Every structure is written in structure tokens, then in C-alpha cells.
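Have a look at the structure below, then the notes.
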Amino acid sequence: MSDVAVLGLGAMGSALAGALLDGGHTVTVWNRTGHRAAALAERGAEVATTAAGALRAAPVAVVCLTDDAAVRETLVAVPGRTLVNLTNSTPEQDRGLADWAARRQMTYLAGGIMAVPSMIGTPAAFVFYSGDAGALQRHRALLERFGGVEYTGADPGRAAVHDLALLTAMYGMFGGFLHAAALISAEGIPVAGVEPLIRGWLTAMTGALPAMASAIDSGDHTATGSTVRMQALAYPNLLDAGRERGLDNGLVQPMGELLTRAVSSGHGDADLSVLATMLHGGRV
Ligand code: FVH
């Protein structure tokens, strides 16, 4: 028996298997197309020819495939095994797989990786987990090979909620940066020269997040400085500048619409955090 199986040897699965081998664990690997196992076999991994074989080869299997459909195509019932599914998923998909596993006497831990492959095994990486807390405890030493362990609760859907929330924030940042870069380059200014200023500004603006989070939790959106009205009046300049340069405003338009709607709903004097209530359809 190996200590652990890894199903899926794409960029991330290979990094996970590599970190386990680096940690001195015995590892059985499986990939749909076999050639991807070669490099890990040279490093000492056992190679299974079927997913079922890999699942039988270890008490715990780390699964890292493209998506939920690939996971569902791949998994077979092997009672007594623990599945740690690090495939990007929705909360509903993880809850469904946890049910699937429980009905087959298998244990399920959902995971959301907050790292790119090159970060795996470094202090910068961490993984959200949710589901069976006992399984997390039993396999913690293995899972710590990937990076920090952040347990988010017994509900198997919790890891995905956290993962998707952090990814959403990341894409908001990247979307803003890409539009800013388009605006700058449309003026013939090299983006690389302005990038440090953007980074500094974004870093400074993250200082607003703790107060915004408290406002969203408490429902008290009293503005201490910048009001929604002020921002709703300034925002169209940003959209006009894009339009006048022939840019696609698709990444920034929705925020402008939300600001306008907030003012017309009577939230002009509030803090920007009030937009969170608009996203809930005003129900919060
Ligand atoms: N790479 C990253 O930066 C991110 C970091 C955060 C977490 N994500 C998620 O991790 C999952 C895997 O991502 P990946 O980067 O390893 O993806 P690929 O390199 O494209 O490898 C995909 C593997 O999935 C296998 N696969 C696809 N479809 C099937 C299927 N129907 N049955 C069995 N296996 C399947 C594929 O096999 P093959 O094409 O080599 O035969 C690869 O092993 C993902 O959820 C990210 O969102 C990565």
C-alpha cells in the first residue's frame, strides 16, 4: 500500500504528487493519459493503470482534475477510502460528491487550492478544506506538504465558497488592472512604468477592506469619507475615457451601473460597502 494516491497529473496534480514525494511519502499516481506519469515514476511514484487501481492502492486519494464532470467520470466506489477532492468546484458539486461518497462508505474532504503549481510546498500556498474533520486530522501531515491547511467547517460546500470568494476578489483586481492597462497603453504610455503605481494604490486601498467587511456584517454603511454619490458622479469619466479611446468597457461598466442604482435607491450618502446589499437585491 502507498501512503497516498494522486488522481490527475495535470499542472496542479503533478505539483501535488511531487510535493508528496519530496516529503518522503510513498505515492501511487494515475492520469487518464498515461504519459504524464513518466516524470513522477522516475522520482519513485508507483503508476496505476486505472483510477480504481489507484484508489485501492492507498487509504487516501487526492483528486485534482479539470472539473466536476471529470471527477464524476473518474471516481469509482472503493469502500473505506478517503477522497480529498482539490478540483475547482461549486459548493453544490462538493455537497453532491460528499453524498455520493457517503453512500459508498467513503469519506469526503473538499478542498480549494489557493496557489499556482509553482507555489505548492512553499509557505505562500494554502488550501481550504471542508467536510470530515476526522479525515483532515488523520491525513493532516500529508496535506501540510501542499501548504497551509485552512479548515472551514463540516459542511463540504464551505471550502468551495471560500475558494470561489477569493478567486472572485482576484478576478476583480485583475479585471481592474487589465482595463487600467488598456487605458494607459491607448495613450501610448508603457504599462510597465505605471504598474508600480497601480500596485501601490491597490495595496493602499486594501486598507479599506476591514471596515467594509464590518459594515457588510453589521449593516451600518455610514460613510466616513467617500460617499456613493461622489463616486457615482466621478465614475462616468472613467467610462467616457474608455469609450473615447475605443476601448471595450465590459470589465468596468457593471460597477458604474451599480453605483447609479445605489443612488437612485436612496443610498447616495452611504459608504461603498452598501453595494453589497444591492448584490443581494436589497434584501440584506
Ligand atoms: N493550475 C492552477 O494554477 C490552478 C490553481 C488552483 C487550482 N486549480 C484547479 O486545479 C484543477 C486542476 O488544474 P490543472 O492546472 O492541473 O489543470 P490541467 O493541467 O489542465 O490538468 C487537468 C487534469 O484533469 C484531467 N482530466 C480532464 N478531463 C478528464 C476526464 N474526463 N477524465 C479523467 N481525467 C480528466 C487531465 O487528464 P489528461 O487530459 O492529462 O488525460 C489532467 O490530468 C482544476 O480544477 C483547476 O481549476 C489549478
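Read the numbers this way: they start at 1 and go in the same order the structure lists the ligands and their atoms. Keep in mind that what you see is a predicted model, and the values were worked out from it rather than measured. Just so you know, residue 1 is the first one in the sequence shown, and it goes up from there.
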Show your reasoning for whether side chain to side chain contact (heavy atoms under 4.5 Å, CB included) applies to Tyr108 and Asp99.
CA-CA 9 Å; Tyr108 189 81; Asp99 279 351; over 6 Å; no

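Tyr171 meets the ring pair (Phe, Tyr, Trp, His ring centres under 6.0 Å) test with no other residue; sequence neighbours excluded.
When Ile113, Asn88, Thr87 are each tested for a side-chain contact (heavy atoms from CB on, under 4.5 Å) with Met12, only one passes: Ile113.
Ion pairing between a basic and an acidic side chain is recognised when a charged N comes within 4.0 Å of a carboxylate O; Arg261 and Glu257 show no such pairing. Taking 4.0 Å as the cut-off between side-chain N and carboxylate O, Arg43 and Asp22 count as a salt-bridged pair.
Defined by atom type and a distance below 3.5 Å, a donor-acceptor pair is missing between the side-chain atoms of Ser2 and Thr26.
Within 4.0 Å of ligand 1, protein heavy atoms belong to Gly8, Leu9, Gly10, Ala11, Met12, Gly13, Asn31, Arg32, Thr33, Arg36, Cys64, Leu65, Thr66, Ala70, Glu73, Thr74, Thr87, Asn88, Ile113, Ala115, Val116, Pro117, listed by chain and number.
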